[in-house]
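Taking it in order: structure first as structure tokens, then the write-up.
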Amino acid sequence: MSNSVKENSYLAHSIPNERRHNMPPTNGSASAKEPLLGFLPRKVTGPQVRKALDHDINAFTKLPHTPQYRKILEARKKLPVRWSVGDTNASHEIIQFTSNQIIVMVGETGSGKTTQIPQFVAYTDLPHTKGKLVACTQPRRVAAMSVAKRVADEMDVELGRQVGYSIRFEDMTEPGTTFLKYMTDGMLLREAMNDPSLDRYSTIILDEAHERTLATDILMGLLKDLAKRRSDLKIIIMSATLDALKFQKYFGLTSDTAAPLFKVPGRTHPVEVFYTQEPEPDYVEAAIRTVLMIHRAEDPGDVLLFLTGEEEIEDACRKIKLEADDLVNQDPDSVGPLICIPLYSSLPPQQQQRIFDPPPSARSPDGPPGRKIVVSTNIAETSLTIDGIVYVVDPGFSKQKVYNPRIRVESLLVSPISKASAQQRAGRAGRTRPGKCFRLYTEKDFMSELEEQTHPEILRSNLANTVLELVKLGIKDLVKFDYVDAPAPETLMRALELLNYLAALDDDGNLTPLGTIMAEFPLDPQLAKMLIVSPEFKCSNEILTITAMLSVPNVWLRPNNQRKEADAAKALLTVPDGDHLTMLNVYNNYIQNKYDKNWAWTNYLSARALAQAENVRDQLKRTMERFEVELVSIVDPNKLYLAVRQALVCGFFMQVAHKEGDKGNYLTVKDNQVVGLHPSCGLDAQPDWVIFNEFVLTTRPYIRTVTDVRPEWLLEFASVYFDLSSFPDGETKRALQRVANKRAGKSGRVGDDGDGAKKKKLKKSK
DNA sequence: GAGCACTGC
């Protein structure tokens, strides 16, 4: 982009001669006012774009450029991503870029690909001339928002007009005006469910594809197929270097031609990597020792230590502080002051902000400088960047979700990280200047023991939700769907089985009318089912609240030094019949006390989580209205609680446990797992039958968020699942058989409460 | 008598 000779040759190469005849006649005065004059969609050249960028008039708003624009433009010209893409001398590259339907693009951090490439595509696609949009997906909401803001500034337009973003709870776009849209991958997947050909888009860019979120993986499968049907649609997969070949092969036109690759150099500083000589038996202890070694012996610069969870992090912070104080006491001049800052997602935002505090200053003008130590979960690996980090300590572990389809349980396990993840961690040391990374494992283990990539989420998750989405997207054969990485068939079977029991899919795997509505709710299928049937129990207002509460993080706070007070506050809000009812009670009290800003805090509740629940409730309420799911409540509070517990059964009948013996043990129905009630459970007794929201595997297996239910409800509202003729033998079956016999003996009476006719109707839909 | 890696709709 530096000299005009190159630009001319570029132009000559990139526009075939026959195309020139199609160009509108050039007119001196018009071109002065029309920066895009002569631009032909997908035939636009780098020099043309550069001319438009340097033009006095904004190509899209037709307004004169602001001084701010010029300033930003100069900085952009220094980015590793050039408007020519790839090597500036290779003019063929730009033709490939615009003429290939699917391309893969790699660029390390700092290359500017996320901000620049979508703009380049907007200039070459000219979506605004065809009423189309260019979309660029991000795995996280904050990224979609902040990148859109940055790009709007770069293009000298107002955010939400030509450039916008779309995330859950916020659509910052203007139909008819917005032509460049950043959005979360989940949001694009939602759109695809109602418009499978994604006709609004001329180009779709999947950014951060290497993160392999569930939504990005499904989108890759959909887009690969869609490309065959929509020859006008262009697809760009943007990823980190390590994964590029996999995507190239996946998106290749035939099994042995790969999709073309475009590379953008990164702009980071070198990071020197050190390994231990021997494996470390206790990684937390080794990590603390390493942090203190850095503090004593290394040049100034902040430290980032990766650990696996809240407890480990808080504990390490305490120990680091203690040991650093010891060093100062022994010899005040040997080391500078140190602050240690914990970082994990459940910290309130205000405390998360502390990671941006400057390091403490030296105790005396010529004393050793201070140092900031950030001890973080994986949140600092992708979601948050901290400038000023020079040293990274990487013990090589993180908590990862694993799914066991046999017992249908998702759990978190501390596991070794992948090489890709280790590289990402190391890179965090080189953002501002050359850095060092201390890996607390041997080089041999790094080479031979660590997996190349972290397993994509699709291989580690319960896919009930995803399968419902895929069926709604019209995917007929889930096993044959072209996944980048195919999930275990058993995981798909489990998901299909659940959806069939919930009556979202019929026995042939087709979507039922109920399933069609369920798919519209941004919820797990169990929750969606329970919400949709709740009007039949006259308690949909309450089930809506409970569903919202189950969709947000834990609302209970329990500070280490105020556990008693927190437990006492919780006891006051607890409903003894079940934790679900307690959640309802908490939410209602929160709403009633909204005038009191301190209410949440004085009751040891998370104001943030409660506000989120309110937000989710609103969104779900709108979806209910759209599909005419009535909002109703029974007035009599006793009957209401009973109705709520019955409605819960309609969604969670596969998550039932039966008391076994008198030691407080429960057996999960059908799977026969021995579980205990989680200590946070608020039940005042140990009922014979409970439904639970979660199975957690920590010091032992627990069920969490538990409500007392009656066995006759199970037989009545989930008759197919509880069909005793096909039920596994055991104490659970015998207990249910006794209930069934008793019910048969009482023939003529339908249940002992509520409206029999209504229940019969429900029985049909399982 | 314990916890909540991180996202997303």
Side-chain angles (χ1 to χ4, degrees), chain A residues 137-144 166-171 183-194 208 211-219 306-315 342-347 376-384 397-402 410-415 417 421 424 454 456-458 460-461 465-466 468-469 472 518-525 527-528 551-560 563-564 566-567 570 606 609 612 615-616 619-620 622-623 664 676-682 694 696-705:
Chain A
T137 68
Q138 296 293 319
R140 281 168 290 279
R141 291 204 288 243
V142 267
S166 176
I167 59 176
R168 187 180 186 180
F169 306 125
E170 199 183 0
D171 182 8
M183 65 203 300
T184 44
D185 49 9
M187 204 69 199
L188 185 61
L189 191 55
R190 281 271 141 194
E191 282 189 11
M193 283 168 55
N194 289 310
E208 315 288 0
E211 288 197 28
R212 303 293 304 275
T213 64
L214 250 171
T216 294
D217 262 32
I218 300 300
L219 282 170
F306 286 101
L307 291 177
T308 64
E310 171 175 349
E311 198 179 333
E312 207 174 81
I313 287 170
E314 293 291 354
D315 195 44
L343 177 65
Y344 42 89
S345 72
S346 58
L347 275 178
S376 172
T377 61
N378 256 6
I379 194 170
E381 197 179 296
T382 48
S383 308
L384 273 171
F397 292 96
S398 71
K399 272 191 195 168
Q400 284 165 33
K401 186 170 73 182
V402 285
E410 274 182 352
S411 46
L412 285 172
L413 264 183
V414 174
S415 331
I417 61 172
S421 188
Q424 177 77 12
T454 310
E457 203 181 356
I458 196 167
R460 297 184 287 120
S461 304
N465 220 345
T466 307
L468 184 60
E469 284 166 5
K472 167 92 195 199
M518 282 169 63
E520 294 285 341
F521 284 89
L523 292 170
D524 279 341
L527 290 169
S551 306
V552 300
N554 182 15
V555 297
W556 306 100
L557 300 177
R558 204 158 179 257
N560 261 334
R563 290 190 176 177
K564 262 191 183 159
D567 290 349
K570 186 176 177 184
S606 159
Q612 277 177 39
N615 213 354
V616 171
Q619 191 195 26
L620 295 174
R622 284 195 297 275
T623 310
L677 297 182
H678 194 272
S680 65
C681 172
E694 248 184 316
V696 289
L697 194 64
T698 51
T699 48
R700 55 169 290 198
Y702 284 112
I703 50 177
R704 190 160 54 189
T705 314

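Here is the naming used below: chain letters follow the sequence lines, and residue numbers restart at 1 for every chain. A quick note: this is a predicted structure, and the numbers were derived from the prediction, not measured.
Note: CZ (A/Arg140) to C1' (B/dC9) measures 16 Å, nearest angstrom. Atom P of nucleotide B/dA5 and atom CG of A/Leu384 are separated by 16 Å, given to the nearest angstrom. Atom CD of A/Glu457 is separated from atom C1' of B/dG8 by 8 Å (rounded to the nearest Å). Spacing between atom CD1 of A/Ile417 and atom C1' of B/dC6 amounts to 15 Å, rounded to whole angstrom units. In this structure, the CD1 atom of A/Ile703 is 15 Å from the C1' atom of B/dG1, given to the nearest Å. Put simply, CD on A/Glu170 is 11 Å from P on B/dC9, counting in whole angstrom units. Counting to the nearest Å, the C1' atom of B/dT7 and the CG atom of A/Asp217 are 14 Å from each other. Between A/Met193 atom CE and B/dG8 atom P there is a gap of 18 Å when expressed in whole angstrom units.
Residue A/Arg168 is classed as a base contact, given a heavy-atom separation below 4.0 Å to a base. Nucleic acid contact class of A/Gln400 (heavy atoms, under 4.0 Å, all strands): none. Backbone-only engagement by A/Thr184 is indicated by non-hydrogen atom pairs under 4.0 Å involving sugar-phosphate atoms exclusively. A/Ile379 comes within 4.0 angstrom of the backbone, heavy atoms only, and of no base. When heavy atoms are screened at a 4.0 angstrom cut-off, A/Ile167 is found touching the sugar-phosphate backbone but no base atom.
Checked by atom type and distance alone, the side chain of A/Arg460 pairs as donor or acceptor with a backbone atom of A/Lys401 at under 3.5 Å.
For A/Phe521 and A/Gly309, each mapped to the nucleotide of DNA chain B holding its nearest heavy atom, the one lying further toward the 5' end belongs to A/Gly309. Map A/Pro679 and A/Asp524 each onto its nearest nucleotide of DNA chain B; the residue landing nearer the 5' end is A/Pro679.
Two residues are said to be in side-chain contact when any heavy atoms from C-beta on lie closer than 4.5 Å; A/Arg558 and A/Asp567 meet this criterion.
Taking every side-chain heavy atom of A/Ser680 into account, B/dA2 is the closest of B/dC6, B/dA2, B/dG3. With distances taken from any side-chain atom of A/Lys399 to the nucleotides B/dG3, B/dA5, B/dC6, the minimum falls on B/dA5. Listed candidates were B/dC9, B/dG8, B/dA2. Nearest to the side chain of A/Asp567 is B/dA2. Out of B/dA5, B/dC9, B/dG3, the shortest distance to the side chain of A/Leu412 is found at B/dA5.
Below the 3.5 angstrom threshold, one finds no donor paired with an acceptor across the side chain of A/Arg704 and the base of B/dA2. Side-chain to base pairing of A/Arg563 with B/dG3: one donor and one acceptor N or O lie within less than 3.5 Å of each other.
A donor-acceptor pair shorter than 3.5 Å can be found between the side chains of A/Glu381 and A/Ser421.
Salt bridge A/Arg140/A/Glu211: present, at least one basic N to carboxylate O contact under 4.0 Å.
A close approach under 4.0 Å does occur between a side-chain nitrogen or oxygen of A/Tyr702 and OP1 or OP2 of B/dA2. The phosphate of B/dC6 has OP1 or OP2 within less than 4.0 Å of a side-chain N or O from A/Thr377. Close to B/dC9, at under 4.0 Å from its OP1 or OP2, lies a side-chain N or O of A/Arg141.
A search for side-chain contact (heavy atoms from CB on, under 4.5 Å) contacts involving A/Leu347 returns A/Tyr344, A/Gln351, A/Gln352, not counting sequence neighbours. The side-chain contact (heavy atoms from CB on, under 4.5 Å) check on A/Gln612 picks up A/Val552, A/Pro553, A/Arg608, with sequence neighbours excluded.
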